[in-house]
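To start, the structure itself, in structure tokens.
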Amino acid sequence: MSITYFRRLHYSRLPLRCLHTANSEPTSTSTPNLFSDPLFKSKVSELISNQHWSQLKDLIKPFNPTSFLEQLLDSGFDSSSILGFFRWSQFYQIYHHPLEHLCRVLVLLVNDKKYPKVRSLLHDFVKNGKTYTVSSVFHTLLTCSDNVCANSIIVDMLVLSYVNNGKLDLALEAFRRAGDYGFKLSVFSCKPMLKGVVKEGKFEVGELVYKEMIRRRIEVDLYTFNIVINGLCKAGKLNKARDVMEDMKVRGIMPNEVTYNTLIDGYCKRGGDGKMYKADALLREMTEQGVSPNERTYNTLIDGFCKDDNVGAAIKLFKETQLQGMRPDIVTFNSLIDGLFGDGKVDEALGLRAEMIRLGLEPNIRTYNVMINGFSKMKMFREAKELFDDVMKQGLDLNVLTFNTVIDAHSKAGKMEEAVALRELMLSKLICPTISTYNCLLGGYYRDGNVGAAKELLEEMEKKSVMTDLVTYNIRIDAMCKRGESRKAVRLLDEMSEKRLVPSHVTYNILMAGYCQDGNPKAAVTIRKRMEKEGKQPNIVTYNVLIKGFCQKDKLEEANALLNEMLEKGLVPNRITYDIIREEMIDKGFVPDIDGHLYKDTVNC
DNA sequence: TTAGGGTTAG
């Protein structure tokens, strides 16, 4: 039977609605049984296996591709040929086969254990195909196959495809609904899904997924535990993170250096009071458990100490690691240089930069950002500008943080014209300003007392639809308070709420400082109550602000009560507490004891 | 496959 004969036969017999229409939904399946003729079947098979698509296209031109595919599926063709035709017609001819046929092809491939092909087909389906709801895919799959194992493999790979194509919401929905349909997922899909969830900062969801994995008895491996622990640490749920580490041990999976490094980093960044003590205890624990700390462990701790205003401990650890033969890297030096600048030790910071160069480590853009910022914090604006110019000359890839840092340095130096010129420069380099860029400029205008320019900038931000953030409000609130408009500033809290911005400790502390500066510490206490109502406990700055406020009004009993409250809560007084506030109280007749408490000196009074 | 460093507000 010749091809020409077939064409004639089917052109004359097929109803018009059965003819091929690109992008169309299937119409009818009334095509006669094409493969009853062995010659035709063998011709089709040959064309598909040799990928002679143009010839095949001519041959099957009269037929509806969906009907043709259905007949391929019903006629015992091998899975590779069926997949070949499916892919060609679906992705190259842009013909949408019904979901049922996709499911049938998938089941066929899984039964043949052709898993890479299943993955690839699902990838293309998720990436380029029509978007179906998760329930329609699940439902269709069930109507095509009652093989629980095969179906589960397909759904598992579907979830993975959703994740790999950035469709995390669909992946999560599939994960949630899989159990209702009797599909069992594996760690192969759940792990990347968890990773994606944590990367997007959806820590609560990550925790739920983990719990659900345990409940459904999906195997959780070491890497997955580490992802879960990382998510909990980033969410600040350190106790839960530790519980998960204990849980993994119970399940026979021993924590490795990544587990410990993740937890140590969690404590360093979100460990609250005594965080570095806890982080250091974890270092000892890991060594006792036979897990060797590596460069990352020490870098994390060194950075933690630096940010905890304890650069001395950071340097001590740095020297210890060198004695152990560990080589510091660029991360170690960047953290230490930042810490030393923060502690006002400019010479030591510059010495470390020289040391890193001596060791053959080239400063990177982060090193320069840290240094420009360090000079700026020390009010060494000329040095900050010179370093920035030097970096420009070197042709290093400046990024938005470099510009934000140097813009901030200029705005702090009161050089607003140059700060604005730098914003123009960054635009000319196609570096897009961020909200931080605007915040640096805004802060500069307010510091200059140029409320008009600040207002214009805010209007420009509004016009350009730049999303203001928490820091923008803190800057505006601070500026209002400094102008003696604390009551007006409080009203901005409502505006923040409308924009779904949650005031931070800093916001409340600024407001309290404002009221205290106005000579009204009692009003500051009402702000404290509002903050506590929002679930935020006073921190060291809160106490410093309030104590200072009451001191300035000579309400020393109130100030002392707050100091005692702070100590009883285990908050460690900082330099400001000691140097400014406590000294003032001692001057006014209080006597310190060995615990740091103050007592009214009744003898001398 | 998992873990570390840089900007703006008190």
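Model, not experiment: these values are computed from the prediction. Below, read A as the first sequence line, B as the second, and so on, with proteins coming before strands; counting in each chain starts at 1. Values below: every heavy atom of this structure, side chains too, minus hydrogens, waters and symmetry copies.
Side chain of Lys191(A), nearest nucleotide from dT1(B), dA9(B), dG6(B): dT1(B). In this structure, of dT7(B), dA3(B), dG10(B), it is dT7(B) that holds the atom nearest to the side chain of Thr405(A). The nucleotide whose nearest atom lies closest to any side-chain atom of Val370(A) is, among dA3(B), dG6(B), dA9(B), dG6(B). Taking only side-chain atoms of Asn373(A), from C-beta outward, the nucleotide of dT1(B), dG10(B), dT7(B) with the closest atom is dT7(B). Picking from dA3(B), dG6(B), dT8(B) the nucleotide with the shortest atom distance to the side chain of Thr262(A) gives dA3(B). Side-chain atoms of Lys234(A) lie closest to dA3(B) of the nucleotides dG10(B), dA3(B), dT8(B). Minimum atom distance to the side chain of Leu401(A) is reached by dG6(B), of the listed dA9(B), dA3(B), dG6(B). Side-chain proximity of Asn404(A) to dG6(B), dT7(B), dT2(B): nearest is dT7(B). Taking every side-chain heavy atom of Thr402(A) into account, dG6(B) is the closest of dT1(B), dT8(B), dG6(B). Distances were taken from every side-chain heavy atom of Val258(A) (C-beta onward) to each of dT2(B), dT8(B), dG10(B); the shortest belongs to dT2(B).
Considering only side-chain N and O atoms, Asn369(A) lies nowhere under 4.0 angstrom from the phosphate OP1 or OP2 of dT7(B). At least one side-chain nitrogen or oxygen of Asn230(A) sits closer than 4.0 Å to the OP1 or OP2 atom of dA3(B). At least one side-chain nitrogen or oxygen of Lys307(A) sits closer than 4.0 Å to the OP1 or OP2 atom of dG6(B).
Put simply, the side chain of Asn399(A) and the base of dG6(B) share a donor and an acceptor less than 3.5 Å apart. Taking 3.5 Å as the limit, the base of dA3(B) and the side chain of Asn294(A) contain a donor-acceptor pair of atoms between them. For Lys195(A) against dT1(B), no side-chain N or O and base N or O form a donor-acceptor pair under 3.5 Å.
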message = With side chain to side chain contact (heavy atoms under 4.5 Å, CB included) as the criterion, how do Met531(A) and Leu511(A) come out once you've worked through the C-alpha distance, each side chain's angles and the decisive distance to 0.1 Å?
response = CA-CA 11 Å; Met531(A) 179 176 91; Leu511(A) 283 166; over 6 Å; no
message = Pair Glu386(A), Arg382(A) - check salt bridge (Lys or Arg N to Asp or Glu O under 4.0 Å), show working.
response = CA-CA 6 Å; Glu386(A) 278 172 7; Arg382(A) 188 173 52 80; 3.1 Å; yes
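Ala524(A) and Tyr515(A) make their closest contact through N-CB, 3.8 Å (heavy atoms, listed as atom of the first residue, atom of the second, distance).
Of the candidates Asn226(A), Thr224(A), Asp221(A), Asp221(A) is the only one forming a side-chain hydrogen bond (donor to acceptor under 3.5 Å, both in side chains) with Lys191(A).
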